[in-house]
Amino acid sequence: MPAHLKEARHLRVTGVVQGVGFRPFVYRLAMERSLTGWVLNDADGVQIHIEGDAALLDDFESVLVGCAPSAARIAEVQSAVDDISGAATFEIRQSRRVDAPTVRVCADLPVCDACLGELFDPADRRYRYPYINCTNCGPRYSIVLGLPYDRAQTTMRDWTMCAQCRAEYENPLDRRFHAQPVACHQCGPSYVLEDGRSSLRGHPAIVATAKMLRDGAIVAVKGIGGYHLACDAHNTTAVQALRERKYRKERPFAVMVRDGAAARELVDIDGEEESLLQSPPRPIVLARAKAALHGVAPENDELGILLAYAPVHHLLFAAGAPNALVMTSGNRSSEPIAYRDDDARRRLAGIADAFLVGEREVARRIDDSIARGGPVRRAILRHARGFAPQCVVALPAREPIVAVGADLKNAVALVVRGQTFVSQHVGDLEHFDAFESFKSTIADLSELYGILPEQAVIAHDAHPEYRSTLYAQQLGVHVEAVGHHRAHIASVLAEHQALETPALGFAFDGTGYGDDATIWGGEVFLGSVREGFDRVAHLRPARLAGGDAAALFPVQAAAGFLFGQIGLDEDALERAPFNFPSRYRAACELLTKDVRVFATTSMGRLFDTVAALLGFTREITFEAQAAMWLEYLACRSAPVRPYPFPLRDGQLDYVPLLAAIVGDRLRKRDICEMARAFHGAVVTGILETCRFFGHERIVISGG
């Protein structure tokens, strides 16, 4: 090539570009165009030095972005003129790390179609190999020990590749080039079934597990991010036994099926829900049930469905496992998922009849994600496997930030050079094991990205007694408190890259520490992330007997919203049709004496109050159960006229709403209609508030 036609460029590619086959993709693009230079992984992503004809370089850059590997997510490509080095070939160079990394770690990926084809091909050397993977699929975040993402920095570091696997791993034109978990029957990990009497290894273990599941057993199965507890979803006895052993009274179980066709036998799914099911994160998707699975999701019109995503799942179904498996986190209720083998054997010993133990180590526990389709966009209800630790937003932050989250439904965020990485779901920190998991998640994420917490800004919830707050104050020197409900609004605006955009924000949830030290949860703010948020309206305050304990008993919450408010004596609520138990009278006595009574504007407790009036008078057994029950009723009604929920003097007044509900209940109106009318009231209250403030940008968020 004439020297005067040759150019050189340096490209820096950021995003999810490591562990997804990006370097071999670059190598093939360069070779196809007879370009020379090199590509390597570094702390921020991928660097490319490329030399050749200008037109071919332009084409290279275009295809680089337009045809990237399916698992890659390119955030930015920076291209600059570089010096010509005279390279004679194109090569893939050794990874390097200098600064604290900002490369986006790839989330765990489901097994791809090419690997599935080999998995069930008797002529293939990986036939029935339960850890089959390639550059397009398999574990990533769950096995990473450090960055850059190389085999020595994963939990596969102690498994030495055989000659055949090594040849594939080192061939840039092979589908398994630098697939870090690559292995086979000869050189890699396998599965072992432990049932207390004997142990089986390899495919016989999987066949025996499938038979145990058919026979009604509960088996702990090691997956990508930890252990699941599995049983036959059609076997009512097995499902009930799992509930009793796990201490999970009524909370719905997730159900795993082989493929989309099997999912459609159990739930009604539209295009959006099918797309979610088949998407790379393979989340649990909530969809309307059309098959009866007794005990799986009591008092719920929806089922949580997920597709098989790991090779071991596909092997179990192929070996004759039931076509619908309860697949719930391997833990006792409220504990974090077990992911280390010895810990799983100890904690799940009284629950599981047997253990299908995978020999590959899991670096960090990761639950299944939960998602729901919607009329506008999908909603991620639990951010975990397949999504974590994705970069969710770029922030104008020069210093590193560790955001430790709140105590309920905790997750941790880390900001490195403006890139915001959100961890997997951690759980509720009131439980010791969850709190230990919380601490290890902070340490793990900080270490992964080379951040020292003592040198970072530590952001925490403003609640002074949260465990996360107290830990944050020990963790760093520069500590910042953030208002719980303002954070709800700010998170939505940040997600939409609207940090300077003024908005009217509604933050509705069960509890949160307010500026006045009362329990907030029905707040309206006006402002922006940049300038801050002013509280301009809120739910009319109620009196909460017993504080946070009222969140467990809807009738206890109801006492504070009803007692002395709607002209109804407490005896009336103890008689039909309400039949409030004695806890209601005890709460009223606290209110009368003003003992352990706290002010609240909690929308969550208003939902609990309405649920109690409609018949949910027992203790809840999982968070938001009463509100979910109310939604279950509302979905069974045709549209009805909403109850009144006016905005008066900056307060959404629930008194006329509750008075109307009490009157309708005494008149024996259908409770499904009443639940629908209540949900409509919340919507009309939001709309009336929007009209009053006349703002164009509206944000609705909450717990």
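One is the number of the first residue; the rest follow in order along the sequence. Owing to the predicted nature of the structure, the values given are computational and were not obtained by experimental measurement.
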Check: Phe607 ring centroid to His679 ring centroid under 6.0 Å: yes

Should the heavy atoms of other residues, nucleotides or ligands under 6.0 Å from NZ of Lys290 be counted, would the total exceed 12? yes

Check whether any side-chain N or O of Thr684 sits under 3.5 Å from a backbone N or O of Gly680 as a donor-acceptor pair, and report yes or no. yes

To the closest 0.5 Å, what do you measure between OG1 (Thr518) and CG (Asp516)? 3.0 Å

Side-chain donor or acceptor of Arg385 paired with backbone N/O of Pro283 under 3.5 Å: no

So, for Val597 and Leu590, which heavy atoms are closest and what is the spacing to 0.1 Å? CG2-O, 3.4 Å

Looking only at side chains, do Gln565 and Tyr654 share a donor and an acceptor under 3.5 Å apart? yes

For Pro656, check side chain to side chain contact (heavy atoms under 4.5 Å, CB included) against everything at least two apart and list the hits. Pro644, Pro646, Arg648, Asp653

Among Gln424, Arg365, His431, whose side-chain hydrogen bond (donor to acceptor under 3.5 Å, both in side chains) with Ser437 holds? Arg365

Would you find a donor on one side and an acceptor on the other, under 3.5 Å apart, between the side chain of Asp407 and the backbone of Ser468? yes

Lys/Arg N to Asp/Glu carboxylate O, Glu430 vs Arg467, below 4.0 Å: no

Count the heavy atoms belonging to other residues, nucleotides or ligands that lie under 6.0 Å from CG of Asp571, then report whether that count exceeds 12. yes

Cut-off 3.5 Å, side chains only: do Arg605 and Thr600 have a donor facing an acceptor? no

Give the minimum heavy-atom separation between Asn300 and Pro252, together with the two atoms involved. ND2-CG, 3.9 Å

Once side chain to side chain contact (heavy atoms under 4.5 Å, CB included) is applied, do any residues pair with Asp433, and if so which ones, sequence neighbours excluded? Glu335, Pro336, Arg347

Is there a side-chain contact between Thr689 and Phe506 (heavy atoms, below 4.5 Å)? yes

Check each of His485, Arg486, His484, Arg535 against Glu523 using the side-chain hydrogen bond (donor to acceptor under 3.5 Å, both in side chains) test, and report the only one that passes. Arg535

Test side-chain contact (heavy atoms from CB on, under 4.5 Å) on Ile519 and Asp548; report intermediate values, then the result. CA-CA 9 Å; Ile519 302 171; Asp548 287 344; 4.2 Å; yes

d(Ile661 CD1, Leu666 CG) to nearest 0.5 Å is 12.0 Å

Mind checking the CZ-CZ spacing from Phe578 to Arg665? Nearest 0.5 Å is all I need. 6.5 Å

Can you confirm if the aromatic rings of Tyr471 and Phe438 lie within a centre distance of less than 6.0 Å? yes

Arg618 NZ/CZ over Phe616 ring centroid, <6.0 Å and within 45° of normal: yes

Give me the atom names and distance for the closest heavy-atom approach of Phe533 to Ala490. CE1-CB, 4.1 Å

Any donor and acceptor pair, going by atom type alone, linking the side chain of Thr420 with main-chain N or O of Val393 inside 3.5 Å? yes

Is it the case that Glu480 and His478 place a side-chain donor and acceptor less than 3.5 Å from each other? yes

Side chain of Asn410, backbone of Asp428: donor and acceptor closer than 3.5 Å? no

Looking only at non-hydrogen atoms, find the nearest pair between Pro389 and Phe421 and report the distance. O-CD2, 3.5 Å

Mind listing the closest non-hydrogen atom pair of Ala681 and Pro642 along with its distance? N-CB, 3.7 Å

Going by an N to O cut-off under 4.0 Å, is there a salt bridge joining Asp670 and Arg676? no

Partners meeting side chain to side chain contact (heavy atoms under 4.5 Å, CB included) with Thr501 (sequence neighbours left out): Ala498, Arg697

Donor-acceptor contact present, side-chain Thr469 to main-chain Glu465, <3.5 Å: no

So, for Tyr643 and Ala660, which heavy atoms are closest and what is the spacing to 0.1 Å? CD2-CB, 3.5 Å

Phe692 CZ: over 12 foreign heavy atoms closer than 6.0 Å: no

I'd like to know if the side chain of Arg243 and the backbone of Arg248 have a donor-acceptor N/O pair within less than 3.5 Å. yes

Any Lys/Arg nitrogen of Glu688 or Arg691 sitting under 4.0 Å from an Asp/Glu carboxylate oxygen of the other? no

Asp509 and His488: side-chain donor and acceptor closer than 3.5 Å? yes

Just checking, is any N or O donor in the side chain of Arg364 or Ser423 under 3.5 Å from an acceptor N or O on the other one? no

Assess whether a salt bridge exists between Glu619 and Arg583, defined as any Lys/Arg side-chain N lying under 4.0 Å from an Asp/Glu carboxylate O. no

In sequence, state the C-alpha distance, the side-chain angles, and the governing distance for Ile620 and Trp629, and then conclude on side-chain contact (heavy atoms from CB on, under 4.5 Å). CA-CA 10 Å; Ile620 69 167; Trp629 179 80; over 6 Å; no

Would you check, one step at a time, whether the test side-chain contact (heavy atoms from CB on, under 4.5 Å) holds for Leu562 with Leu613? CA-CA 10 Å; Leu562 298 170; Leu613 289 172; 3.8 Å; yes

When you look at OH of Tyr247, are more than 12 heavy atoms from neighbouring residues, nucleotides or ligands closer to it than 6.0 Å? no

